[in-house]
Enquirer: 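Take this structure first; my questions come after.
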Amino acid sequence: MEKMNPQFVPSTPKRNNRQIKGKEGFFDFYPGYSDRFVKDVLHYWQLPKNSVVLDPWNGSGTTTDVTSDLGYHALGYDLNPVMFVVAKAREVKGIQHLMLDKSKQKIMGNTASYSKQVIMEEDPLDEWFSSESVNTIRAIEHSIQSIYAVKHGKLLNHKDNLLSLSSEAAFFYLALFRVLKILSSSYRSSNPTWIKKPKYLDDRVRYSRDFILGTFSQQVDELLELLRQEEDYNNYPGENVLGISSSEHLPRENNSVDAIITSPPYCTRIDYAILTRLELALLGSNDYELTKLRKQLIGSPLTQADKTDLNPEWGMTCLNTLNEINDHESKASNTYYLRTFVQYFNGLYKSLLELDRVLKRGGKCAFVVQDSYYKDIHVNLGTIMDEMGKSLLWSTTHQFDFYTGQTMSHINTKSNKYRSKTKGRETVLFFQKRG
């Protein structure tokens, strides 16, 4: 590893909720990192303004929003349609807040004309909310569609409908996402990634039309206030291209990307699809489509039927960790849990191969990863990523470690049996592809 530049230490990737302002506060996404971190990386690299910067796990769109605002060409991909909508909403600019406020008034006024329509016979939202509540939510959605020329009455779970969504329409869909979070408070548990369902239809929550409309209006106002805090300091922003794609199969040509800033899914068995279950239901995804998405995401707790062989290119730390998990005395360690970890590392390495394909020679990468534990076994993802990068003949130029108490380890109270309370460690790794 090259000696670190003592003049450069990036901001901690972890977002500080007390300091969040502007579009960074649009959507509370647990795995997300801060705008400040992306700015620090780009300022350090000093890339030419025609550079293409990629985030293959774009999430809520932090990388693409900051990168394009600074004048670079941004590419962001994510498999989850919800995250595409959130990232698209971040394309709106501070100077648009007056226009968006006027659009809000039109949406509120037009909603009444759709409020008595039955949107569909089997609405995915019916599992949580009464039919009256669902009809009000869909009426707001139809009003958004009518104003922003979205195909009227079409659900957005189809890729073509999503990709044609404007940033302004996405802004109001984001407000609906925030409404759903408020309406579903009774379905949430100590695990922030899990959304429960009522056992019986009569247990579904009921909200009046006025309450839902008032909540929507309030959420739009909060988003507008965040938007007013934005500094549109660049009159010539770069191109921002967003897509729905797997990190293992990116729709880019070989050697077409100058730099990558990203954070791969954490190796903590977070179910990212369930985390956005209600938002996916709003977009029209039923249980079948939800399960299909869950199986495609890296880090999913759902295991595939096909057996995956261990790959020596994953590195010794990874293979030793998998052997420890295989030999652990706890139940299902050498079956279900081993398969989930093997599946995770296989998906991660295949993604790195794909990133190597699209990255130019001499291209730069910045990865944010977080370590974790399986029982008492330390999963040192920073070291594992470093070794995987070396197998691709990338050089590690910088490494920074940040310690945080914000981890998912507290959810499983039985973990105390195996170890005392530990702080999480986020590692920032800078790579450079050989020239």
Enquirer: Sort and list the pairs that fulfil ring-ring contact (aromatic ring centres under 6.0 Å, His included) and have at least one residue in residues 377-397, not counting sequence neighbours.
Expert: Tyr373-His378, Trp394-Phe431
Enquirer: Does anything in residues 248-258 pair up under salt bridge (Lys or Arg N to Asp or Glu O under 4.0 Å), and if so which pairs, sequence neighbours excluded?
Expert: Glu248-Lys350, Asp258-Lys360
Enquirer: Got a second to check how far Met83's CE is from Glu279's CD, nearest 0.5 Å?
Expert: 8.5 Å
Enquirer: Which atom names give the shortest non-hydrogen contact between Val41 and Ala366, and what distance separates them?
Expert: CG1-CB, 4.1 Å
Enquirer: Using the salt bridge (charged side-chain N to carboxylate O under 4.0 Å, His left out) criterion, which residues pair with Asp101? Sequence neighbours excluded.
Expert: none
Enquirer: Check Asp271 with Arg277, please: is the shortest side-chain N to carboxylate O separation under 4.0 Å?
Expert: no
Enquirer: Tell me which pairs pass salt bridge (Lys or Arg N to Asp or Glu O under 4.0 Å) where either residue lies in residues 163-178, with sequence neighbours left out.
Expert: Arg178-Glu222
Enquirer: For Gln432 and Gly363, indicate whether the former's side chain and the latter's backbone hold a donor-acceptor pair under 3.5 Å.
Expert: no
Enquirer: Check whether any side-chain heavy atom of Leu180 sits under 4.5 Å from a side-chain heavy atom of Ile137, and report yes or no.
Expert: yes
Enquirer: Report yes if some heavy atom in the side chain of Ile144 is under 4.5 Å from a heavy atom in the side chain of Leu176; otherwise report no.
Expert: yes
Enquirer: Compute whether any side-chain donor of one residue and acceptor of the other, for Glu141 and Tyr173, lie under 3.5 angstrom apart.
Expert: yes
Enquirer: Enter the distance from Cys318:SG to Phe341:CZ here, rounded to the nearest 0.5 Å.
Expert: 10.5 Å
Enquirer: Strictly distance-based, threshold 3.5 Å: is any side-chain N or O of Ser372 a donor or acceptor partner for the main-chain N or O of Cys267?
Expert: yes
Enquirer: Would you please name every residue forming a salt bridge (charged side-chain N to carboxylate O under 4.0 Å, His left out) with Lys364, sequence neighbours left out?
Expert: none
Enquirer: Would you say NZ of Lys197 has more than 12 non-hydrogen atoms from neighbouring residues, nucleotides or ligands within 6.0 angstrom?
Expert: yes
Enquirer: Looking only at atom types and distance, does a side-chain atom of Thr340 sit under 3.5 Å from a main-chain N or O of Tyr337, one as donor and one as acceptor?
Expert: yes
Enquirer: Just do the side-chain contact (heavy atoms from CB on, under 4.5 Å) check on Arg425 and Thr427 with the steps written out, would you?
Expert: CA-CA 6 Å; Arg425 181 182 65 183; Thr427 298; 3.8 Å; yes
Enquirer: Just wondering, do Lys181 and Asp28 contact through their side chains at under 4.5 Å, heavy atoms?
Expert: yes
Enquirer: Would you say the side-chain atoms of Trp57 and Ser247 include a donor-acceptor pair closer than 3.5 Å?
Expert: yes
Enquirer: Would you check, one step at a time, whether the test side-chain contact (heavy atoms from CB on, under 4.5 Å) holds for Leu223 with Leu100?
Expert: CA-CA 10 Å; Leu223 290 173; Leu100 290 168; over 6 Å; no
Enquirer: According to side-chain contact (heavy atoms from CB on, under 4.5 Å), who are the partners of Ala89, at least two apart in sequence or on a separate chain?
Expert: Ala170, Leu174
Enquirer: Begin from the C-alpha positions of His398 and Tyr44 and carry the test ring pair (Phe, Tyr, Trp, His ring centres under 6.0 Å) through to its verdict.
Expert: CA-CA 12 Å; His398 294 70; Tyr44 173 69; 5.3 Å; yes
Enquirer: Sequence neighbours excluded, which residues qualify as salt bridge (charged side-chain N to carboxylate O under 4.0 Å, His left out) partners of Asp65?
Expert: Lys23, Arg90
Enquirer: Please name the pair of heavy atoms, one in Asn58 and one in Ala87, separated by the smallest distance, quoted to 0.1 Å.
Expert: ND2-CB, 3.7 Å
Enquirer: To the closest 0.5 Å, what do you measure between OG (Ser217) and CD1 (Ile212)?
Expert: 13.5 Å
Enquirer: If I compare all heavy atoms of Val257 with all of Val52, which pair ends up nearest, and what's the gap?
Expert: CG1-O, 3.7 Å
Enquirer: Contact between Trp314 and Ile384 at the side-chain level, heavy atoms closer than 4.5 Å - yes or no?
Expert: no
Enquirer: Tell me yes or no: between the side chains of Ser333 and Asn326, is some donor less than 3.5 Å from an acceptor?
Expert: no
Enquirer: Is there a side-chain contact between Glu230 and Lys93 (heavy atoms, below 4.5 Å)?
Expert: no
Enquirer: Nearest 0.5 angstrom please: Glu324 CD to Asp376 CG, how far?
Expert: 8.5 Å
Enquirer: Given 3.5 Å as the limit, does a donor-acceptor pair link the side chain of Ser245 with the main chain of His249, or not?
Expert: yes
Enquirer: Spell out, as yes or no, whether a donor-acceptor pair under 3.5 Å connects the side chain of Glu289 to the backbone of Asn286.
Expert: yes
Enquirer: Return yes if some donor-acceptor pair links the side-chain N/O of Ser51 with the main-chain N/O of Leu47 below 3.5 Å, else return no.
Expert: no
Enquirer: For a 4.5 angstrom cut-off between non-hydrogen side-chain atoms, does Ile244 reach Asp78?
Expert: no
Enquirer: Test your reading of the model: is there a side-chain donor-acceptor pair from Glu387 to the backbone of Met316, 3.5 Å cut-off?
Expert: yes
Enquirer: If the condition is side chain to side chain donor-acceptor pair (under 3.5 Å), which residues does Ser103 pass it with, not counting sequence neighbours?
Expert: Tyr148
Enquirer: Looking at Leu250, is its backbone amide N or carbonyl O close enough to the side chain of Arg357 to form a donor-acceptor pair, meaning the two atoms are under 3.5 Å apart?
Expert: yes
Enquirer: Is it the case that Asn334 and His328 place a side-chain donor and acceptor less than 3.5 Å from each other?
Expert: no
Enquirer: Under the rule for salt bridge (charged side-chain N to carboxylate O under 4.0 Å, His left out), what residues qualify as partners of Lys307, not counting sequence neighbours?
Expert: Asp309
Enquirer: Are a donor atom and an acceptor atom from the side chains of Glu426 and Tyr266 found within less than 3.5 Å of each other?
Expert: yes
Enquirer: Who passes side-chain contact (heavy atoms from CB on, under 4.5 Å) against Arg434, sequence neighbours left out?
Expert: Leu393
Enquirer: Going by heavy atoms in the side chains, are Val82 and Leu282 under 4.5 Å from each other?
Expert: no
Enquirer: Show your reasoning for whether side-chain contact (heavy atoms from CB on, under 4.5 Å) applies to Thr303 and Tyr336.
Expert: CA-CA 8 Å; Thr303 57; Tyr336 167 74; 3.7 Å; yes
Enquirer: Would Asn380 and Thr321 count as a side-chain contact (heavy atoms from CB on, under 4.5 Å) here? Give the steps.
Expert: CA-CA 9 Å; Asn380 191 339; Thr321 302; over 6 Å; no
Enquirer: Return yes if some donor-acceptor pair links the side-chain N/O of Trp128 with the main-chain N/O of Lys196 below 3.5 Å, else return no.
Expert: yes
Enquirer: For Pro10, give me all partners under side-chain contact (heavy atoms from CB on, under 4.5 Å), at least two apart in sequence or on another chain.
Expert: Phe8, Phe37, Asp40, Phe400, Phe402
Enquirer: If you measure from CZ on Arg228 to NZ on Lys21, what distance do you get to the nearest 0.5 Å?
Expert: 15.5 Å
Enquirer: Which heavy atom in Pro264 sits nearest to a heavy atom in Met385, and how many Å separate them?
Expert: CG-CE, 4.5 Å
Enquirer: Mind checking what makes side-chain contact (heavy atoms from CB on, under 4.5 Å) contact with Ser184, not counting sequence neighbours?
Expert: Phe129, Tyr187, Arg188, Leu278
Enquirer: If every non-hydrogen atom of Lys433 is compared with every non-hydrogen atom of Leu359, which pair is closest and at what distance?
Expert: NZ-O, 2.6 Å
Enquirer: Looking at Pro81 and Leu293, what are the two nearest heavy atoms and their distance?
Expert: CD-CD2, 4.1 Å
Enquirer: Distance-only, no hydrogens or angles: does the Ser143 side chain make a donor-acceptor pair with backbone N or O of Ile107 under 3.5 Å?
Expert: yes
Enquirer: Judged by modelled atom types alone, do Ser300 and Tyr344 share a side-chain donor-acceptor pair under 3.5 Å?
Expert: no
